[in-house]
Amino acid sequence: MNRILTIVGARPQFVKAAAVSRSLKLHGIEEILVHTGQHYDANMSEVFFGEMEIPKPAYNLDIHGLNHGAMTGRMIEGIETILLNEKPEALMVFGDTNSTLAGALAASKLHIPVIHVEAGLRSFNRQMPEEINRILTDRISDILFCPTDTAIQNLENEGFRHFPVQLIKSGDVMLDAALFYAKKAAAKSTIIEDLTLKEFVLATIHRQENTDDVQKLRQLIEGLNEINRKTPVVLPLHPRTRAILQQNGIELQCRVIDPVGYFDMIRLLQQCQLVVTDSGGVQKEAFFFGKQCITLREQTEWTELVAGRFNTLVGTDKALLIKTFDEVQAIAADFSANLYGQGDASDIIARTIRNVQKQ
Amino acid sequence: MTNHTKADSFSPLVEGQGEALKKIILVCGARPNFMKIAPLMHELKNHPQLKAVLVHTGQHYDTQMSGRFFDELGIPAPNINLEVGSASHAQQTARIMTGFEKVCLDEKPDFVLVVGDVNSTAACVLVAAKLNIKTIHYEAGLRSNDRTMPEEINRLVTDSISDYFFTTSADADENLLKENVAPEKIFMVGNLMIDTLEANLAKAAGSPQVFGLINKPGRIDINGLSASGYGVMTFHRPSNVDEKASLERLVTIWGAVSQQIPLVFPIHPRTYKNIQQFGLLETITSFPNLYLIEPLGYLEFIHLVSRAKFALTDSGGIQEETTHLNIPCLTVRPNTERPVTVWEGSNKLIKIGDIEAEAAAIVRGEGKTGNNPKYWDGKTAQRIVTILETL
């Protein structure tokens, strides 16, 4: 195939898509980039695209701020129109957002093959909208690029070997991106110098199930405040979450900063002592940069991190968070384990796409 | 179970019963759904502890495709009509999702039950799953393994996220098990289409059997045909009727078959439009025993089918009705998502090139006969509602 259309909608997807875009270009594959607008994000300005060397979308559907059903519906509609216009040979989607699902649904109905990058991930918790998106997108995809052996196994358990689809272990495009940007981060970011901290814990809280539930949020912040007494905690926090804390009289004793860009994030990951997060991507990035991670969720899609003792799940239990903080520092885990490929996932993906015969 | 309020939003229908009520939204959208929803709505009337809310998405909305079926089948008027109307797949799906999300947020049901494999089926199950409402798919597990059919995509989407699966035959159970669905979530309940067929056959016998022809003056009296025998046809699938070459070939073959045995063809509007557009009207009109008539209501149609010598089709439901009636059915498709009609019933999958020979065999009395599959007995709605009470 020589011409594909890529759907992105959330900031992490831009970063991952950019890694794949660089490889597609090397293999002579034309790519039309479509932004659904799902995440409206002030950090995604001209500077973001320039600094991150991310191709600018050819289309922006500007859809955000709706309920899941309405948002997904509007995206399907918008993406269909573009697909009919552009007639690409395939559609590529990343991860597990509403944009991912909308792209896959629109293309499958038009008989356009669907390529899913980061396929096969499962948290086995269908209360999470992302899990529904993952299951559905995988089920209607034609080429599934899995980041890990676990992901391949998950799909095999769901009978995918019987289906007329290709399952390919590509490794993780996040690793490609992390390696690419790590080379540039030191020149681009001064965050460590600005913070003037030698030793710190990096914490992120953004998941709706944590930020919208005041009880959970209180537990987490109190836990982080407690850790902060031992080691300073750097916490980039969305203004919205900060407002919720204020409204509910939850006191913050951590070093709270505004949300950070990717280069700052990489340097924070490189320099921190350990990571506390409820993000999916940050769990993996912690591993890429050799840091122990405590995850503020009951499940993770990255089960191999837990199995390898690189990651510990604590949910929103304050006491468990504090106890785990003390314990994980003693774990001697071997971060050279090859869980996510060699940083050549994008190349594998681009080569595979190029070699698929046009239908 | 969700933590939505159960009893707050509506008053108990039966005073003095301590049992918690369950609220179920039933979704229908397109013609093939109505025959499946009808027996469920009738049966649910006898179970006041289950509160049914009927939502019509309006995917098929006009009198011919919708209103008439509601009247004939005695389906109560929908509680809510989303009125999405006709549009592209994507636009329709978008409108259904937006509208149905609002319904779920307002109604806070315990369950959403969807049937079949139309756009409404997939769109509504997706919305409900995102809101953590338990979802039930009736007619789960059917697979044609042909992803170029939009219905197959709808089936894959619906089954990959439903919580409970009601199936029409054992092969559907096997498909679901292969896809890692837990066996305790699957219930083989039989076929609701057969409930509707059984409930209406006697009534249908009184339906008019004289129809005006649409391509030429005159009428056809089925009573006059039934003594010598006739075949009934339905064709609407894009792969057969949307391309000139294949439709032209079909018209010629239908004409040839009609010289062996008269054919009655209630014609889908799209098929008729294509016949006109491709300049085939004159040819098809030249065959005196090929009778083109308007699409029929349910009662007229099943009466027509029940007295036919055979059916020639490319659609889904009639494969099941003929199997139950043990009437030979020739299905012009490379695959079927209802293989039990082939393995056990009187259905045969054939190629366009085989239509004439197969029809000739039926005329000679050598048509395929079969057995009625398990639980295709008119009691499927009872089974389903009994299970709903325990969920």
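Treat the numbers as computed from the prediction; the structure is a model and nothing was measured. To find a chain, count down the sequence lines: A is the first, B the second, and so on, and within it residues start at 1.
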With a sphere of 6.0 Å drawn around NZ of B:Lys102, does it hold more than 12 non-hydrogen atoms of other residues, nucleotides or ligands? no
Within the 4.5 Å heavy-atom criterion, are B:Arg147 and A:Val114 side-chain neighbours or not? no
In terms of heavy-atom pairs under 4.5 Å, which option from A:Ser108, A:Gly78, A:Gly159, A:Ala102 contacts chain B the most? A:Ser108
Closest contact, heavy atoms only, A:Ile76 versus B:Ala90: CG2-CB, 3.6 Å
Given B:Glu101, B:Met97, B:Arg95, B:Gln92, the one with more heavy-atom pairs under 4.5 angstrom with chain A than any other is B:Glu101
Nearest heavy-atom approach of A:Glu77 to B:Ala94 is OE1-CB, 3.3 Å
Apply the test side-chain contact (heavy atoms from CB on, under 4.5 Å) to residues A:Leu110 and B:His89: give CA-CA distance (whole Å), side-chain angles for both, the deciding distance (0.1 Å), then the verdict. CA-CA 9 Å; A:Leu110 296 172; B:His89 274 294; over 6 Å; no
Taking every non-hydrogen pair under 4.5 Å, which of B:Ile161, B:Val181, B:Val127 racks up the most with chain A? B:Ile161
Measure A:Asn98 against the heavy atoms of chain B and call it side chain, backbone, both or neither at under 4.5 Å. side chain
Between the side chains of B:Asn180 and A:Glu158, is a donor N or O closer than 3.5 angstrom to an acceptor N or O? no
A:Phe163 portion near chain B, given a 4.5 angstrom heavy-atom threshold: side chain
In terms of heavy-atom proximity below 4.5 Å to chain B, should A:Arg74 be classed as side chain, backbone, both, or neither? backbone
Take a 6.0 Å sphere around CD of B:Glu243 and say whether it holds more than 12 heavy atoms from other residues, nucleotides or ligands. no
Based on non-hydrogen pairs under 4.5 Å, which of B:Thr93, B:Leu126, B:Leu105 is most in contact with chain A? B:Leu126
For a quick test of reading the model, state the closest non-hydrogen atom pair linking B:Pro150 to A:Lys109 and the distance between them. O-CE, 3.7 Å
Heavy-atom distance under 4.5 Å to chain B: side chain of A:His68, backbone, both or neither? both
Rounded to the nearest 0.5 Å, what's the gap from CZ on A:Arg139 to CZ on B:Arg155? Could you check? 11.5 Å
Using a cut-off of under 4.5 Å for heavy-atom pairs, which of B:Thr98, B:Ile96, B:Asn119 has the most such pairs with chain A? B:Thr98
Which answer fits A:Leu101, side chain, backbone, both or neither, if we ask what part of it has an atom under 4.5 Å from a heavy atom of chain B? side chain
Any chance CD of A:Gln208 has more than 12 other-residue heavy atoms, nucleotides or ligands included, within less than 6.0 Å? no
Return the CG to NE2 distance between B:Asn175 and A:His162, rounded to the nearest 0.5 Å. 10.0 Å
To the nearest 0.5 Å, how far apart are CD in A:Gln127 and NZ in B:Lys130? 13.5 Å
Chain B contact via A:Ile79 - side chain, backbone, both or neither, heavy atoms under 4.5 Å: neither
Name the residue from A:Ile140, A:Ile135, A:Thr137 that meets the side-chain contact (heavy atoms from CB on, under 4.5 Å) definition with B:Val157. A:Ile140
Atom of B:Thr148, atom of A:His111 and distance for their closest heavy-atom approach: O-NE2, 2.7 Å
